[in-house]
J.: 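Input: one structure, supplied below.
No experiment lies behind these values; they were computed from the predicted model shown. The chains referred to below are lettered A, B, ... by the order of the sequence lines, with proteins before strands, and numbering in each begins at 1.
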Number of protein chains: 2
Amino acid sequence: MGRTTLKDVGDHVGVSAKTVSNVVNGTGWVREDLKVRIREALVELGYRPNAAARQLRSGRSGMIAVALPDLSQPYFAELASELVAAAEDRSITVLINQTNGHADAERRISDGIGIPVMDGLILSPLALSADDLATRLDTTPIVLLGEHIGESPFPHVTVDNTAASQAATAHLIASGRRRIAAIGAQPSGPNETSELRLNGYRAALESVGIAVDERLICTVEEFHRGDGALAAERLIDSGVAFDAVFAFNDLLALGAMHTFSARGIRVPEDVAIVGFDDIEEGRFSTPSLTTVSPDKAAIARAALDLLADPSTSPIETIIPFQIMRRASA
Amino acid sequence: MGRTTLKDVGDHVGVSAKTVSNVVNGTGWVREDLKVRIREALVELGYRPNAAARQLRSGRSGMIAVALPDLSQPYFAELASELVAAAEDRSITVLINQTNGHADAERRISDGIGIPVMDGLILSPLALSADDLATRLDTTPIVLLGEHIGESPFPHVTVDNTAASQAATAHLIASGRRRIAAIGAQPSGPNETSELRLNGYRAALESVGIAVDERLICTVEEFHRGDGALAAERLIDSGVAFDAVFAFNDLLALGAMHTFSARGIRVPEDVAIVGFDDIEEGRFSTPSLTTVSPDKAAIARAALDLLADPSTSPIETIIPFQIMRRASA
DNA sequence: CACCAGCCGTTCAACGTTGAACGATCTTCG
DNA sequence: CGAAGATCGTTCAACGTTGAACGGCTGGTG
């Protein structure tokens, strides 16, 4: 009735379970003819290794956990997709968790509660800071993703958000825009993504001697399309003149673009827009979205490399980015 | 050095491991004062249950596997998000796999290879048919998602694709369109999604006495934005007149919309568009996308219900849909 | 006072797998 | 001819947990 075990196969062939194990794993010595018979029995009886027992015995699970804020956000979905693909190349199975950016969910994950013993954890924290994580209970290797990290005792993978934002803003400046709004500031709570991108924005303006007009800096609750749309509404209604928008992610940019379109504001003629993330969607929006493109596949590979690498010094891997010039700016 | 075990905690308090286990699980009898001391020790030593051992002993893992073609497609990402959320309500952990629609990946998953023994599997097959799955090795409960199913011996959750497509097409007809193109036919290989939606399209036209013009039926490789854009290009270049498009999913619709915009064709004035899936993106596209909206949260809940329900008769759950009327049609 | 029921906690074995240690046989070589 | 290796397979124990069975207490009941 139950699943076939090594012992079942061994009994069927007339050898010990361990010998079957040796054939399955290619360990030890087994005669060729016996190997053949055992392999036949393996197939005939439909043996599949019990991962739990294997893990209990060996300590390795062949699985890593990936914890992301929200899969319904394309950036994280695309990143997850890359991580799964990259892990598969290394025959690692990925277990994906959704934290919704909640601190308790992130802590539970980082403490390894409620999930099987993992060989590693890739966490993209929103709520938890490096200090919070320093006290975590679990000792499984961890790699952090994103920029909510600061001085982290853990290896992490990130893009240079300030530089990237500066480049994005500089691109708008280079195309002749002077009244550049920023959508994505988050005053409530120290959201490092938002801060760093805002810093880049300011730096770009200042480096060419444009004064930062605080009225052009729009705050948002979250980084979703709806927030971008709302921010754009408010910006228009405020009556402050602007000729470009740097949105701190693509969803905000697309939301804003939707508002502009509804309000009869032409993109890029009246307002140029640059986003951040390079999600697929921006390639097919109307108009297509100019954006900062971090190399997601490289992020995935780097994260897995850091997990695999036994040299546990806290390494920071900076992933390159490029500006994808499309129709919106 | 290693992780704290029940025995460690027991030794620390001066009781057996089993007594600690009783406290952790609320089983058996333990004096109140002892419970308190054990709980303190649990926290002090940072005990966390070993899922592998638990699973090996009890046979239950508290995890289900979800296998989807591709997370980078918003529909699947949003569905995965709903599944994870719905599973969390039932304190179930979800392990997400990506099959890329490959038959071998789908078979491996359905046979439970390479993944821990799962309490259940939710599979959205693209390549595998019901017959293929009938011979699967594994006996863990399975629920199928989507319409590539036919006469399935397994419980499955789906929307009435034909009816939904008919309703979508009818909506275009009701708004006065007569030359309605269909984007999403897939001649190569029996893709049931495509077939069913095409059937609904034909049925809607025929029911009002409009002859189906085969030149208006556009084939695509996959259901991605790029395929939709390409199909629209070809449709325009073919010179065949059309005033509306029913795209078999939102990505195709958005891709087509992108082409129309680039070619100076106005949506919905010149061409009305209806999609299928109701992904977030369509709410903020320019113009916003009218689409068939299956209730994704209901799909997630139904799938989990079917997994949990011990009555293993092959049940088909039909999920309701509605037409989301937005700007594109 | 004998017996039962409710408490409280223990020991034992088993889940399926694999590393370690140990035979046994057969070659090969000094 | 004896010893050292190579080859082939076995048994044993352990990973951490929990169901089953058991053994004492205490207090109440017939």
J.: What is the separation between atom CD1 on A:I38 and atom C1' on D:dC8, rounded to the nearest whole Å?
T.: 11 Å

J.: Does any donor atom in the side chain of A:E316 or A:T158 lie under 3.5 Å from an acceptor atom in the other side chain?
T.: no

J.: Rounding to an integer number of Å, can you tell me how far B:K7 NZ sits from D:dG16 P?
T.: 11 Å

J.: Does OP1 or OP2 of D:dT10 have a side-chain N or O of A:S16 closer than 4.0 Å?
T.: yes

J.: Looking at A:Y47, does the NZ or CZ of A:R39 lie under 6.0 angstrom from its six-membered ring centre and within 45 degrees of the ring axis?
T.: no

J.: B:N25 side chain N/O closer than 4.0 Å to the phosphate oxygens (OP1, OP2) of D:dT18?
T.: yes

J.: Quick one: A:R57 CZ to D:dT17 C1', roughly how many Å, whole number?
T.: 16 Å

J.: Measure the OG-OH distance between A:S124 and A:Y75 for me, rounded to the nearest 0.5 Å.
T.: 7.5 Å

J.: What does A:T19 touch in the nucleic acid at a heavy-atom separation under 4.0 angstrom: a base, only the sugar-phosphate, or nothing?
T.: base

J.: From C:dC15, C:dT17, D:dT18, pick the nucleotide closest to the side chain of B:L6?
T.: D:dT18

J.: Report the distance from atom CD of A:E32 to atom P of D:dT7, rounded to the nearest whole Å.
T.: 12 Å

J.: To the nearest Å, how far apart are A:D11 CG and D:dT10 C1'?
T.: 14 Å

J.: Does a nitrogen or oxygen in the side chain of B:S21 sit under 4.0 Å from OP1 or OP2 of D:dT18?
T.: yes

J.: Quickly work out the B:L56 CG to C:dA14 C1' distance and round it to whole Å.
T.: 9 Å

J.: Do A:T99 and A:L68 make a side-chain contact, defined as non-hydrogen atoms from C-beta onward lying under 4.5 Å apart?
T.: no

J.: Side chain of A:R31 only, please: which of D:dG9, C:dG16, D:dT7 is the nearest?
T.: D:dG9

J.: B:A53 or B:V30: which one's nearest nucleotide on DNA chain C is closer to the 5' end?
T.: B:V30

J.: Can A:Q98 and B:S81 be counted as having a side-chain donor-acceptor contact under 3.5 angstrom?
T.: yes

J.: In B/S/- notation, 5' to 3', how is nucleotides 20-28 of chain C contacted by protein heavy atoms closer than 4.0 Å?
T.: ---------

J.: Between D:dG16, C:dT17, C:dC8, which one does the side chain of B:W29 approach most closely?
T.: C:dC8

J.: Side-chain donor-acceptor pair under 3.5 Å between B:N25 and B:T27, yes or no?
T.: no

J.: Just the rounded figure in Å: distance from C1' of C:dT17 to CZ of A:R3.
T.: 13 Å

J.: Kindly indicate whether the side chain of A:V24, heavy atoms from C-beta on, has any atom under 4.5 Å from the side chain of A:L42.
T.: yes

J.: Please give, in whole Å, the distance from D:dA21 P to B:N22 CG?
T.: 16 Å

